[in-house]
Amino acid sequence: MPGALYRIESARGEGEPARVAEEIRESLSSQPRWLPFKYFYDDRGSRLFEDITALPEYYQTRTEERLLATIAADVVDRVRPAELVELGSGAGRKIRLLLAAMARAGRLGSCVLLDINPHFLTGSARSLATDFPGLSVRGVVGDFLDDLALLGPGGGRLAVFFAGTIGNLHPAQVPAFLTRMAAQLAPRDGFLVGLDLVKDVSRLEAAYNDGAGVTAEFNRNILRAVNERLGADFDPEAFEHVAFYDAANAWIEMRLRALRPQRVRIPAACLDLAFEPGDEIRTEISCKYTRTSFEALLPQTGLELEHWYTDPENLFALALLRRRTSDDGTPR
Ligand code: SAH
Ligand code: AVI
């Protein structure tokens with residue numbers, strides 16, 4: 001598109017295939033077996049996630065989008081950003097509400113998208129650059145757990161992390177993740193974090209066990225992605241989708257359960273796995289928060305809660321965090 005201003009860079013270098021093989025070797029050799037959730041998001045998985053967002057049972061996306069539409073101007077007014085950064089940007093739709101609010105406030109400057117999926121990232125960067133003339137768009141293909149430093153120093157920055165994707169991290173990982181994010185923010189920069197809230201178990205479980213079976217397909221797709229990346233021979237149809245709420249941990253857990261005895265070879269990871277019927281692989285946790293449980297993760301991170309926005313039904317929250325000023329004794 002002539003005039004559209006965007007560039008893409010990648011944190012994933014030559015060592016990437018070996019790193020992936022090692023990561024998958026380790027997780028599938030653990031007891032219980034598990035897989036890192038980022039492997040859901042090959043092109044098919046990213047499209048399946050988009051399908052999930054439109055499901056009647058999956059209230060999260062439409063609730064967050066509606067909430068964001070009502071608060072975008074307030075967030076822009078509080079943070080006064082010139083740059084918007086989105087972690088795990090995916091199709092990059094919600095960010096448009098904030099870009100529009102920035103444009104209305106005469107603050108539209110630049111935008112950085114960071115995502116593990118290069119094709120979705122490029123598509124989103126291109127369409128944002130086309131639809132917001134004058135916006136400078138940078139796409140970074142990278143891992144929000146390892147590559148945040150690529151964002152560079154903050155200053156006039158509002159970072160956003162939508163969808164409740166922070167809930168896909170184990171709560172024990174969250175303070176370190178927030179501390180790394182704080183390092184990419186200047187004092188008084190903002191970080192807007194979407195959180196799915198603790199609620200009725202039947203509503204939560206329905207969102208991960210939809211009637212059309214899209215979530216089941218998304219779950220099984222992780223095995224196709226491993227086949228594709230590492231030459232493995234998983235038969236995804238030989239596994240059933242399992243998703244349930246673990247109230248003690250306040251998370252939804254997704255698993256794949258073997259339906260029959262089978263062997264799986266993953267040559268690139270030097271693995272030969274035996275499964276008996278009922279054997280499981282944990283593929284995702286999706287933590288559900290309360291204001292109190294989320295706030296408990298903030299001390300020592302360099303971030304503090306400035307505002308807690310939620311929808312009228314209290315289904316989903318957007319927590320506006322601010323980087324503390326460096327002179328109040330918190331770690332830099
Ligand atoms: N922000 C979008 C998409 C959320 S889905 C929305 O609100 O609907 C989660 C997104 O995070 C996907 O686009 C996926 O590709 C990306 N993702 C998952 N794990 C990642 C990781 N470790 N690092 C960077 N991006 C990741
Ligand atoms: C991206 N993430 C917040 C979604 C979630 O709800 O945890 C991924 C997902 N898994 C199953 N359905 C959607």
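Read the numbers this way: they start at 1 and go in the same order the structure lists the ligands and their atoms. FYI, the numbering just counts along the sequence from 1.
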Please verify whether a non-hydrogen atom of [X] lies at under 4.0 Å from ligand 1.
X	answer
Phe120	no
Thr61	no
Gly142	yes
Phe37	yes

Between [Y] and [X], is the closest basic N to carboxylate O distance under 4.0 Å?
X	Y	answer
Glu50	Arg47	no
Asp311	Arg66	no
Arg220	Glu217	yes
Arg257	Glu280	yes

Row check, Tyr39 ring normal vs Arg229 NZ/CZ: under 6.0 Å, within 45°: no

Contact atoms of ligand 1, heavy-atom distance to [X] under 4.0 Å:
X	value
Gly90	13 (O)
Phe162	7 (O)
Glu86	1 (N)

Which residue supplies the protein heavy atom nearest to [atom], what is that atom called, and how far is it?
atom	answer
atom 6 (C) of ligand 1	Lys94 NZ, 3.4 Å
atom 16 (C) of ligand 1	Asp115 OD2, 3.4 Å
atom 14 (C) of ligand 1	Tyr41 CG, 3.4 Å
atom 3 (C) of ligand 1	Gly88 O, 3.5 Å
atom 9 (C) of ligand 1	Thr165 OG1, 3.7 Å
atom 5 (S) of ligand 1	Phe49 CE2, 3.4 Å
atom 25 (N) of ligand 1	Ile116 N, 3.2 Å
atom 22 (N) of ligand 1	Asp143 OD1, 2.9 Å

Ligand 1 to Phe144 polar contact by distance, N or O atoms, under 3.5 Å: yes

Structural part of Ser89 in contact with ligand 1, heavy atom criterion under 4.0 angstrom: backbone

Ala100 to Phe132 - nearest heavy-atom pair and separation: N-CE2, 3.8 Å

Distance-minimising heavy-atom pair for Tyr58 and Thr53: CD2-CA, 4.0 Å

Steps toward salt bridge (charged side-chain N to carboxylate O under 4.0 Å, His left out) verdict (Glu228, Arg44): CA-CA 11 Å; Glu228 186 77 16; Arg44 183 168 182 269; over 6 Å; no

Ring centers of Phe316, Tyr309 separated by less than 6.0 Å: no

Aromatic ring proximity, centroids under 6.0 angstrom, Phe161 and Phe144: yes

Side-chain cluster (under 4.5 Å, hydrophobic types only) that Trp251 belongs to, other residues: Ile285

Would you mind writing out a table of all protein N or O atoms found under 3.5 Å from any N or O atom of ligand 2, naming both atoms and giving the distance to 0.1 Å?
residue  : atom   : partner : partner atom : Å
ligand 2 : 2 (N)  : Asn168  : OD1          : 3.0
ligand 2 : 6 (O)  : Tyr58   : OH           : 2.6
ligand 2 : 6 (O)  : Tyr208  : OH           : 2.6
ligand 2 : 7 (O)  : Asn168  : ND2          : 2.9
ligand 2 : 7 (O)  : Ser286  : OG           : 2.7
ligand 2 : 10 (N) : Glu284  : OE1          : 2.7
ligand 2 : 10 (N) : Glu284  : OE2          : 3.2

